[in-house]
2 protein chains.
Amino acid sequence: MSRIYELRLMTRVAQLYYANRLKQSEISTRLNISQATISRLLKRAEQEGIVRVTITPPRGTFPDLEQALRDRYGLTEVVVADCFQEAEDQILRAIGEAAGHYFESTIGDDEVIGLSSWSASLLAMVEAIHPLKRAKAKKVVQLLGGIGNPVVQSHATQLTTRLAALTGAEPMLLSAQGVAASAAAKLIMVGDAYVRATMEQFRHITVALVGIGALQPSLMLWNSGNSFSSDELHDLEARGAIGDVCLRFFDAAGRPVTGSLDERVIGMSLAELGKVPRVVGVAGGARKLDAIRGALLGRIVNVLITDKFTAARLTDQDIS
Amino acid sequence: MSRIYELRLMTRVAQLYYANRLKQSEISTRLNISQATISRLLKRAEQEGIVRVTITPPRGTFPDLEQALRDRYGLTEVVVADCFQEAEDQILRAIGEAAGHYFESTIGDDEVIGLSSWSASLLAMVEAIHPLKRAKAKKVVQLLGGIGNPVVQSHATQLTTRLAALTGAEPMLLSAQGVAASAAAKLIMVGDAYVRATMEQFRHITVALVGIGALQPSLMLWNSGNSFSSDELHDLEARGAIGDVCLRFFDAAGRPVTGSLDERVIGMSLAELGKVPRVVGVAGGARKLDAIRGALLGRIVNVLITDKFTAARLTDQDIS
DNA sequence: GCCTCATTTGAATATCTATTCTCTATTGTA
DNA sequence: TACAATAGAGAATAGATATTCAAATGAGGC
């Protein structure tokens, strides 16, 4: 059969199939051609470029940025949230909402959720989550003790409790300070049966929700000599630390920066986190850019929820 | 779920489905969403205009013209053949080839083919047909006796024989003049057993291949007082006849123009033709434009094979 | 607050589509 | 001319997708 007529036939079949929405069998009856051949013609029509499928991203979605981030950093999934202005509070709301939606629509039954509690992003996320009707998750495990004064500490456990309530899961709290006064103090706290029980769950976690912190300036400022000694922080900084997840520090390339602090932190380690199938990092904002990049490069998270500005910067694109 | 996130999800699913070519079930595993929902999201993505399918007609094919003709004249199928120049011989070759392809690819098993023999278009068509390997058609029935001198007459029956050979069908010939000298002469010819047998097949025909003739100027000139009397032709013309199919005349609107001639023509009548499920008209060229339009308006044919120039004129479009 | 109606969801399944398999036929090669 | 390798078509069927159904949820309306 001559080429031109084959092309015509493909076009006609494509027209009947895609424009007129006929079944292949209807086309096959109509044109006296077997259904198998119709199927093959349609496939060839695609190969020939006669049929093309175009995906037009609706305003406010950024599949190209997401794709670029997945490709560049080997991430499983990325959600880029739209955000009108690049102001901290706006970004926080945007990524919180996005993370909430992501969480709601991807949480499966019987999941064991890990939550690295003290993070404005995660707080925003949990606030965005609607109560799930049917109990879905099994457990919500607090990944890190509370930080700073007791009020903030309780905040941390509340977040865990809240998420547990929303998902109908059992909360597993880490009723301890995130940073013990000393390695010895940590040992004592870890001796607590409840703390042990929670930490025992770490290895059963199926999805971890974590914030990503920047060392400079926030942690430095915020700390103001409470949990961390200036020496420790400066030491971390001197050794290249740029950010943290669960108070476990890493440098710009994502390599762990260990230190005496690790002996005092009560919470999940990076090694343990590495064994969790799905680690969702929720973070955005220019201030955290390098920390986020580090977490991505170090494969500390494999899902990222961020804002469009940060996403653009992470892919070296112009910000639009 | 907020609208923007729904749209994002549709986009993402569409991307995985169309760009990454994942199965719906793979997507459903990956995103923790049921396959049913993936299917629904894809459907909605189309409705939302996120996914669009574009059909790009290859050069030399004219789906838009074909569509316009189908719509305008209520045709079942139309093939518009490409044609470089608007010269009779070129047009003839183009539509002949197109008709041949159309025939080859749509002829089914057990079809009874009717062939209105004396037509340059049909000749070109039959010449373009490759011998079918497996016998397909059951019978090829000559729809009209031969015209003019015996050489031309035999031409007509040869065409039938040839098509029959190509399709492995049994030829049913009308070994008679297309136009008898008188009504009485017709009666005599129709008395012949073979002629009767062939005409008996008329009502079993599943597909009729017919040319479309123009009264002016061709028939008038061509005749030169052979089969038709000038009176008859002028009478037909006076009564609005503009063209014919199987020597059955019709006016510009496709209404039959009957006359004494009908009593003498040995061949299928328009009424009989109207009962054939698929009547394929093969014709093109400026000269025949009005005749073709008449045949279309009168629903005398329901499939048209023509050239792009004629197609454009039939749809009142500019010729390109 | 409680009920009704319209939606939404996933499991089961009906339907549609792609692929395999086999047969036929064709093309290039000796 | 005959032969092997190649290509193409449809029938059967494996596989994928759409739809149905039942259950559950949410949004008004009283």
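Per chain, numbering begins at 1; letters A, B, ... match sequence-line order.
For the salt bridge (Lys or Arg N to Asp or Glu O under 4.0 Å) test, no residue two or more places apart in sequence or in another chain qualifies with Arg59(A).
The list of salt bridge (Lys or Arg N to Asp or Glu O under 4.0 Å) pairs with a residue in residues 275-284 of chain A, not counting sequence neighbours, reads Glu111(A)-Arg278(A). Here salt bridge (Lys or Arg N to Asp or Glu O under 4.0 Å) pairs that include residues 44-53 of chain A, with residues two or more places apart or in two chains, are Arg3(A)-Glu48(A), Glu6(A)-Arg44(A), Arg44(A)-Glu48(A), Glu46(A)-Arg21(B). Listed by first and then second residue, the salt bridge (Lys or Arg N to Asp or Glu O under 4.0 Å) pairs that reach into residues 22-37 of chain B come to none, sequence neighbours excluded.
Between the axis at the start and the axis at the end of the helix from dG1(C)-dC30(D) to dA30(C)-dT1(D) there is an angle of 30°, using five pairs per end and rounding to 10 degrees.
Rounded to a whole Å, the CG atom of Leu31(B) is 16 Å from the C1' atom of dT9(C). At whole-Å resolution of the value, CZ in Arg44(B) and P in dT17(D) are 19 Å apart. If you measure from atom CD of Glu6(A) to atom C1' of dA7(D), you get 12 Å, rounded to the nearest angstrom. The CZ-P distance, from Arg21(B) to dT19(C), rounds to 11 Å in whole Å.
When atom types are taken as modelled, the side chain of Thr157(B) and the backbone of Leu173(B) share no donor-acceptor pair closer than 3.5 angstrom. Panel note: side chain Gln142(B), backbone Thr160(B); no donor-acceptor pair is recorded below 3.5 Å. Remark: side-chain polar atoms of Ser39(A) are not paired, donor with acceptor, to backbone N or O of Gln35(A) under 3.5 angstrom.
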Between the protein and nucleotides 14-18 of chain C, list the N/O to N/O atom pairs that are separated by less than 3.5 angstrom.
from    : atom 1 : to       : atom 2 : distance (Å)
dT17(C) : OP1    : Tyr17(A) : OH     : 2.8
dT17(C) : OP2    : Gln24(A) : N      : 2.9
dA18(C) : OP2    : Gln24(A) : NE2    : 2.6
dA18(C) : OP2    : Ser39(A) : OG     : 2.8
dA18(C) : N7     : Gln35(A) : NE2    : 3.2
dA18(C) : N6     : Gln35(A) : OE1    : 2.9

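In this structure, Arg203(B) does not pair ionically with Glu272(B), as no charged nitrogen and carboxylate oxygen lie closer than 4.0 Å.
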